[in-house]
Amino acid sequence: MSAGMVYLVGAGPGASDLVTVRGKELIERCDVLVYDYLVYDELLTWTKRGCVKTYVGKRSGYHCKPQEDIEKLLIQHAQDGHMVVRLKGGDPFIFGRGGEEADALLEAGISFEIVPGVTASMGTAASMGIPLTHRKDSSAVVLITGHEDPEKHETLIEWEKYAHLGATLCIYMGLTKLDPITKALLKAGMDPNTPVAIVRWATLPSQESCLGKLSTISDVVEKSGIKPPAMIIVGEVVKDAPKHSWFEQKPLFGKRIAITRTREQSSELMH
Ligand code: SAH
């Protein structure tokens, strides 16, 4: 039996047409698809007949399968000679434990390939019209975790370090910690008027967002009722969101439309 191979593939931020061409091709060809919570369902319909699809349900640290079991599963399928796609939301190497999976595969002598994806911060920035860098307002971007992981009770991030970088801060998995995060940034002397965007399900028709300032955003979120998973973007560049917000201004945004056709025909209409 020839040895199998594992592809760690980024599914992109949500919308099914934001996956890479290479990613789509691999999903269509694979024998086994092991996927996470954040992946948009439509991607799962691209597989060939007979493809074994296993949901391992990672959601911001709420793992339905322990990480070692996921690694064992990938190794086992590859040792059985299968072509395996390990599909992860966004990019596999950004808060996706892709590094750990690559290590496990290496140790087991399994060949692998990494296929990047559009990470959630980039998807969010695009759909909100927020330029993550800007000649005048931001010369750096920081991708940082807010540690919503229930296994980590203490936040290990020294927020004060990030308050004066002149950077746009993209905070993943941070919504439930929004209050302590904003307080820490304010305490470190960050301008209370710094604009902040909170975006849930960015790039999808179900996208929800709210805008505020560092000093007010916790209240805004509480009133709006936005729940995790969401992206937090902090920085001067967020001020452009209201004028660039092309996605939420689309005429059919937020509308549910019933299409009385087969799934294949309706997906053509959806785009
Ligand atoms: N590997 C992924 C990140 C996984 S961590 C990537 O590169 O994007 C999961 C966190 O990503 C969520 O808690 C949320 O903060 C963020 N996230 C993922 N998809 C998102 C989306 N469509 N909209 C907003 N935030 C998203």
Side-chain angles (χ1 to χ4, degrees), residues 7-20 23 34-43 55-65 67 70 85-102 114-130 132 141-152 155 157 168-182 196-211 217 221 224-235 238 241 245 247-248 253-254:
Y7 297 83
L8 300 179
V9 177
S16 56
D17 48 2
L18 290 177
V19 71
T20 62
V34 178
Y35 63 100
D36 281 353
Y37 172 74
L38 284 172
V39 175
Y40 191 43
D41 282 356
E42 195 186 322
L43 273 60
Y55 170 63
V56 290
K58 266 203 224 169
R59 180 182 173 178
S60 314
Y62 302 83
H63 301 174
C64 93
K65 229 184 208 317
Q67 182 64 27
I70 297 174
V85 164
R86 170 72 176 109
L87 192 59
K88 290 164 171 290
D91 181 90
F93 274 1
I94 300 201
F95 305 125
R97 303 187 78 167
E100 287 161 63
E101 289 176 21
I114 319 287
V115 181
V118 175
T119 189
S121 54
M122 315 278 159
T124 302
S127 67
M128 291 296 288
I130 299 170
L132 291 180
V141 181
V142 178
L143 307 188
I144 186 163
T145 168
H147 282 317
E148 253 171 16
D149 190 335
E151 290 155 27
K152 293 182 188 151
T155 171
I157 314 262
T168 306
L169 307 182
C170 300
I171 307 169
Y172 292 67
M173 297 176 277
L175 196 61
T176 62
K177 298 270 165 58
L178 182 66
D179 200 47
I181 291 171
T182 51
V196 181
I198 308 287
V199 189
R200 181 178 207 237
W201 298 138
T203 77
L204 291 171
S206 48
Q207 175 172 313
E208 286 176 77
S209 67
C210 62
L211 300 170
I217 194 70
V221 165
S224 74
I226 290 197
K227 299 271 178 297
M231 178 63 54
I232 306 170
I233 303 189
V234 182
V238 173
S245 170
F247 186 72
E248 294 187 12
F253 178 78

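Predicted model, so just to flag it, every value in this text is computed and none were measured. First listed ligand is number 1; within each ligand, the first listed atom is number 1.
Among the atoms of Gly89, some N or O lies under 3.5 angstrom from an N or O of ligand 1. Between Thr119 and ligand 1, an N or O atom pair is found at a separation short of 3.5 Å. Considering backbone and side-chain atoms alike, Ala202 places an N or O below 3.5 Å from some N or O of ligand 1. Looking at ligand 1, you'll find an N or O of Ile94 within less than 3.5 Å of one of its N or O atoms. Considering both main-chain and side-chain atoms, Met173 comes within under 3.5 Å of ligand 1 through a nitrogen or oxygen pair. Distances between N or O atoms of Arg200 and those of ligand 1 include no value under 3.5 Å.
Looking only at distances, no side-chain donor or acceptor of Lys65 sits under 3.5 Å from a matching main-chain atom of Ile70. The backbone N or O of Met231 sits nowhere less than 3.5 Å from a side-chain atom of Arg200 that would complete a donor-acceptor pair.
In this view, Ser127 and Gln207 satisfy the side chain to side chain donor-acceptor pair (under 3.5 Å) rule, not counting sequence neighbours.
Ligand 1 lies within reach of Val199, whose nearest heavy atom is under 4.0 Å from it. Taking a 4.0 Å cut-off on heavy atoms, Ala120 registers as neighbouring ligand 1.
Atom-to-atom distance recorded for Thr182:OG1 and Ile232:CD1 is 8.5 Å, nearest 0.5 angstrom. Atom SG of Cys170 and atom CG of Leu132 lie 5.0 Å apart (nearest 0.5 Å).
Here Ala230 has backbone heavy atoms under 4.0 Å from ligand 1, and that is the only part of it that gets that close. Counting heavy atoms under 4.0 Å from ligand 1, residue Pro13 touches it through the backbone alone. The residue Ile232 has no part lying near ligand 1, judged by heavy-atom distances below 4.0 Å.
Using a cutoff of 4.0 Å between basic side-chain nitrogens and carboxylate oxygens, Lys227 and Glu208 are not scored as salt-bridged.
Of all heavy-atom pairs spanning Pro229 and Trp201, the tightest one is CG-CH2, 3.7 Å.
Inter-residue side-chain proximity for Ile157 and Ile144 is flagged as met; some heavy-atom pair is nearer than 4.5 Å.
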